[in-house]
Structure formats: C-alpha cells, structure tokens
J.: 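Dropping a structure here in structure tokens format, bear with me for questions.
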Amino acid sequence: MPECDNPLWPCAMTGAAACLAGFDGIAVVIHGSSGCYYYPTTLLHAPLHGTFILEDDVIFGSEDRLQEVIGSLSGTGKRIAVITTCVPALLGEDIRSMLDEHDVILVDSPGFAGDVETGYAKALAVLGPQVDPETSGVNIDGACLFDPFAAGNVQEARRLLDMVSVPVATVFSSDRYDCVHHAAPFTISTNGDFPSGIGDNLGGMLGLTGVRETFARIGDTIDGTDCDPVFSELEQQEERLVRACDKFLQRYDPPFAAIFAGSSYALFAAETLHHYLDAEICCIGTRNAPGNSRFRAEQVSSLSRARDLIATHEPDLVIGSSFERSLNGEKAFTGIIPPLRGRVRIYPAPLAGINGTLSFMESVLNSCMDKKP
C-alpha cells in the first residue's frame, strides 16, 4: 500500500491545493476527510472547500457528497477544481464519471502521489498554461502559496522589473485564472523548486549573483531594456552587505552552519553564507531531492535524521524550520521554510531579489550576534 514517507514536508494533495488556490477565479474543493481539508487550509491560509467524507461515504460511495458541494459552488462565477485525496483514490472511485455533468477541473493528486512539488506540478499541468506570443513582458514563477516568502518574492520581482520598465505577465501561481493561458514568452524564477516550465527561462532571482545574471539576460533578450538601474542598486546594496559582514567578522569567527530547506532555498543560503561570511557549511539537508551544488547535500525526510546531523556536526548556526529550531538548543537560528511556528508574520518579506538577500543576511547576522557572549 502506498504511504506518505516525508513527515517534514507536505504531500502532493497540499501542493495541488497550493497551486490552484493561488489563482483568482478558481474554487478549490478538497475531496476527502476533514483532516485533508484543515491541513492545507491552515498551512496555505487560503479559502478552500471540502467534502468532509465520513465512514458512510467510504462504505456507500462519496458521489452524493461531492455533488452536493459542487452544487453549492455553482453560480459563483468561479471555475471549480476538485483535488482527490488518499481515501477516494484508494477506494478506486471513478471521480471523473461523477463529474461528467459539470465543467470541473479534476486533479488526481492524493498524498501518496509524492511531495508538495509533485502535486504543484500536477495541478499546473492540468491547468494547461500556454504562451501567448502577443503578451509582452516577463512571467514570474515559483510563487507557491506554501512558501512563506512567496508574496514578498513576487513584490520584489515586480519592483526590479519595474525599474527596467519590463511589465509582469503571468505570475505562477498568484494571478487571475484567465492569465494562465496568456503567458509571456519569457520567465524568471523566484523559487526553483516550483517551476512553471512556461516560456524561455531567463534565470532565477535567488542571490545577488543570480539577480545580476538574470537581468543581464533580460537586457540581452528584450529589446530596448536598460538594466543599469538594477545593476546600480546591486552594487550599492552589495557594498552595504559586505561592510556589515566584515564588521561581524572583525568581532566573531565565521559561522559553522547546518542548513535544512527545499533544495533551491538551501543552496541559496549555503552560497550566500559562504560568500559573504566565509561560513563553513557542515551539512545541508534538503526536503526534496538536492540539486547540483559544490556543497554536499542529502535529502532529509525525518526529524531523527535532522537530529543526527545537528548532533554530529554541532553547528553554531542552524537554518531551517520550527522542526530544526526544536533541535538546535542554544544555537543561532534563522527560519526560511515552513513550519515557522511561534512567530507573527505580517510583512511579506522576500527571500528572492536584492532585498531578499539583504533580509536573509540581516536575520542571520542578528541571530548570530544574539547568541555570542
């Protein structure tokens, strides 16, 4: 029997919900138990609908309950999307035939189908995004509701594109539903773990080097674009960052860091810490499959393995989530992936772009100094 094997990371059902709920104009129905509804609702902070199937529905079939929920959403003007969960999938119900009377988007993404990235990709593929050659500007992808930095990343990407007078086309996945089929021919990424695969990718927005290289490609690709304003800001802000880090290193030793995050964020953190703080990266534990990097990384999908790595290497700086924070004792900590419990998050802080790097390093420096004697 299939089972979810990564308790530290959301399942495919949650990833599908994160994708679909990011588009205005889609009403998302979680077809499953109350737990399968409340988990993504709490994590994504998005309006979702649930069928809340019970024991009787498991025994006698869930069609009546599914039809009831869909009927209640008819007439709202929104396209209805149904996401299957583990129970109806294991029962083998023919959900598609149940929905023949309705114009419904069906995403078969039960939890055991994979992790959050798998479900996100499944849902986006079902939406069938298309490039419209007549659409100007650049798409932004990697904006997954699951990512606590997604809103800030999009704001920062918009800010930098506005500086060079390049319009934003479709944002995957934080836009109007109708924009899905009118994407621009070019795309930039804010989080490589959630790619749209739409248009020609001009690069990523993680790290100052990434921003610099991406805007150089934008300048070379889009006629009439002057990227000097972004390059000028990059130079100014990098000088500020270097001064702050040099001041820290005059007083303290470089950090000895353990990093736990999705692959893209983990490698961004490692490169940034090593470059500006001369940090030694003792271990990287990625929630998903690790990408190519000069740093040694392994996929970590259990709290016990994270505990072992922290105990073995004894870092003085831990980057990760509330899971790792519970293990790090008195060590300095910076959170970059969910869950991030016990903290109020109101401001849409970025991790991508120029301000994203500054915000991350500011948090690291302050947390490290707070723990120094």
Side-chain angles (χ1 to χ4, degrees), residues 142 147-164 188-192 203-219 227-259 261-262 264-282 284 293-295 315-320 331-337 340 345 347-372:
D147 179 2
F149 296 95
N153 288 347
V154 172
Q155 287 188 7
E156 173 68 355
R158 286 184 179 275
R159 182 184 74 87
L160 295 177
L161 289 170
D162 184 64
M163 288 175 63
V164 299
I188 61 173
S189 174
T190 58
N191 184 343
M205 296 288 287
L206 289 174
L208 299 187
T209 298
V211 173
R212 186 177 289 109
E213 292 175 350
T214 295
F215 273 85
R217 293 190 194 98
I218 290 174
C227 293
D228 284 347
V230 169
F231 297 144
S232 176
E233 181 173 322
L234 272 166
E235 182 177 354
Q236 294 172 6
Q237 299 294 14
E238 189 166 32
E239 287 178 358
R240 292 182 61 217
L241 176 57
V242 169
R243 285 198 299 270
C245 291
D246 286 348
K247 184 176 180 179
F248 175 89
L249 293 173
Q250 288 171 8
R251 299 177 60 191
Y252 308 112
D253 292 332
F256 188 55
I259 301 171
S264 289
Y265 279 2
L267 299 183
F268 153 73
E271 289 287 352
T272 303
L273 290 172
H274 179 74
H275 182 75
Y276 293 105
L277 278 180
D278 198 27
E280 181 177 350
I281 311 302
C282 63
I284 298 176
S293 170
R294 58 179 169 146
F295 300 101
D316 53 29
L317 170 65
V318 175
I319 309 292
K331 303 174 181 67
F333 172 81
T334 296
I336 62 172
I337 55 165
L340 294 173
R345 294 185 59 87
Y347 173 69
L351 204 61
I354 299 173
N355 286 337
T357 296
L358 297 182
S359 176
F360 170 71
M361 290 302 294
E362 179 182 278
S363 178
V364 166
L365 290 170
N366 284 323
S367 63
C368 286
M369 288 190 294
D370 286 344
K371 296 298 181 180
K372 298 296 183 182

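Along the sequence shown, residues carry numbers from 1.
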J.: Give the intermediate values and the outcome of side chain to side chain contact (heavy atoms under 4.5 Å, CB included) for residues L365 and L277.
T.: CA-CA 9 Å; L365 290 170; L277 278 180; 3.9 Å; yes
J.: Check the pair L241, Q237 against side chain to side chain contact (heavy atoms under 4.5 Å, CB included), reporting the backbone distance first and the verdict last.
T.: CA-CA 6 Å; L241 176 57; Q237 299 294 14; over 6 Å; no
J.: Begin with the C-alpha distance, continue with both residues' side-chain angles, and end with the deciding distance and a verdict on side chain to side chain contact (heavy atoms under 4.5 Å, CB included) for I354 and R159.
T.: CA-CA 10 Å; I354 299 173; R159 182 184 74 87; 4.2 Å; yes
J.: Just wondering, are more than 12 heavy atoms of other shown residues or ligands nearer than 6.0 Å to CZ in R240?
T.: no
J.: Is the shortest side-chain heavy-atom distance between L273 and P255 below 4.5 Å?
T.: no
J.: Minimum heavy-atom separation for C227 to V164, with atom names?
T.: CA-CG1, 3.5 Å
J.: Can you give me the closest heavy-atom contact between A261 and I336, atom names plus distance?
T.: CB-CD1, 3.8 Å
J.: If we only count heavy atoms from C-beta on, is the K331 to P315 side-chain gap below 4.5 Å?
T.: yes
J.: Just wondering, do L351 and D147 contact through their side chains at under 4.5 Å, heavy atoms?
T.: no
J.: Using only atom types and a distance under 3.5 Å, with no angle test, would you say the side chain of D278 pairs donor to acceptor with the backbone of P254?
T.: no
J.: Nearest 0.5 Å, please: how far is CZ in F333 from CG in L317?
T.: 9.5 Å
J.: Would you compute the distance between atom OG of S232 and atom CE of M163 and round it to the nearest 0.5 angstrom?
T.: 7.5 Å
J.: Nearest heavy-atom pair of C245 and M361: which atoms, and what distance?
T.: SG-CE, 3.7 Å
J.: Got F248 and V364 here, is their nearest side-chain heavy-atom distance under 4.5 Å?
T.: no
J.: Let me see the working for L160 and M205 under side chain to side chain contact (heavy atoms under 4.5 Å, CB included), right down to the final yes or no.
T.: CA-CA 10 Å; L160 295 177; M205 296 288 287; 3.5 Å; yes
J.: Please check if the side chain of E156 supplies one atom and the backbone of G353 the other of a donor-acceptor pair under 3.5 Å.
T.: no
J.: Between the main-chain N or O of N355 and the side-chain N or O of S359, is there a donor-acceptor pair closer than 3.5 Å?
T.: no
J.: Roughly how far, to the nearest 0.5 Å, is the CZ atom of F268 from the CD1 atom of I259?
T.: 10.0 Å
J.: Give, for atom SG of C368 and atom CG of D253, the distance between the pair rounded to the nearest 0.5 Å.
T.: 11.5 Å
J.: If we only count heavy atoms from C-beta on, is the I188 to L161 side-chain gap below 4.5 Å?
T.: yes
J.: What's the separation between atom CD in E362 and atom OG1 in T334, rounded to the nearest 0.5 Å?
T.: 10.5 Å
J.: Can you give me the closest heavy-atom contact between F360 and A269, atom names plus distance?
T.: CZ-CB, 3.7 Å
J.: For a 4.5 angstrom cut-off between non-hydrogen side-chain atoms, does K371 reach D316?
T.: no
J.: Can you find a pair of side-chain heavy atoms, one from I284 and one from L267, that are under 4.5 Å apart?
T.: yes
J.: Any idea which heavy atoms bring S264 and N191 closest together, and the distance?
T.: CB-OD1, 3.6 Å
J.: What orientation do F149 and Y265 show, parallel under 30°, tilted 30 to 60°, or perpendicular over 60°?
T.: perpendicular
J.: Using 0.5 Å steps for rounding, measure from the CZ atom of R243 to the NZ atom of K247.
T.: 11.0 Å
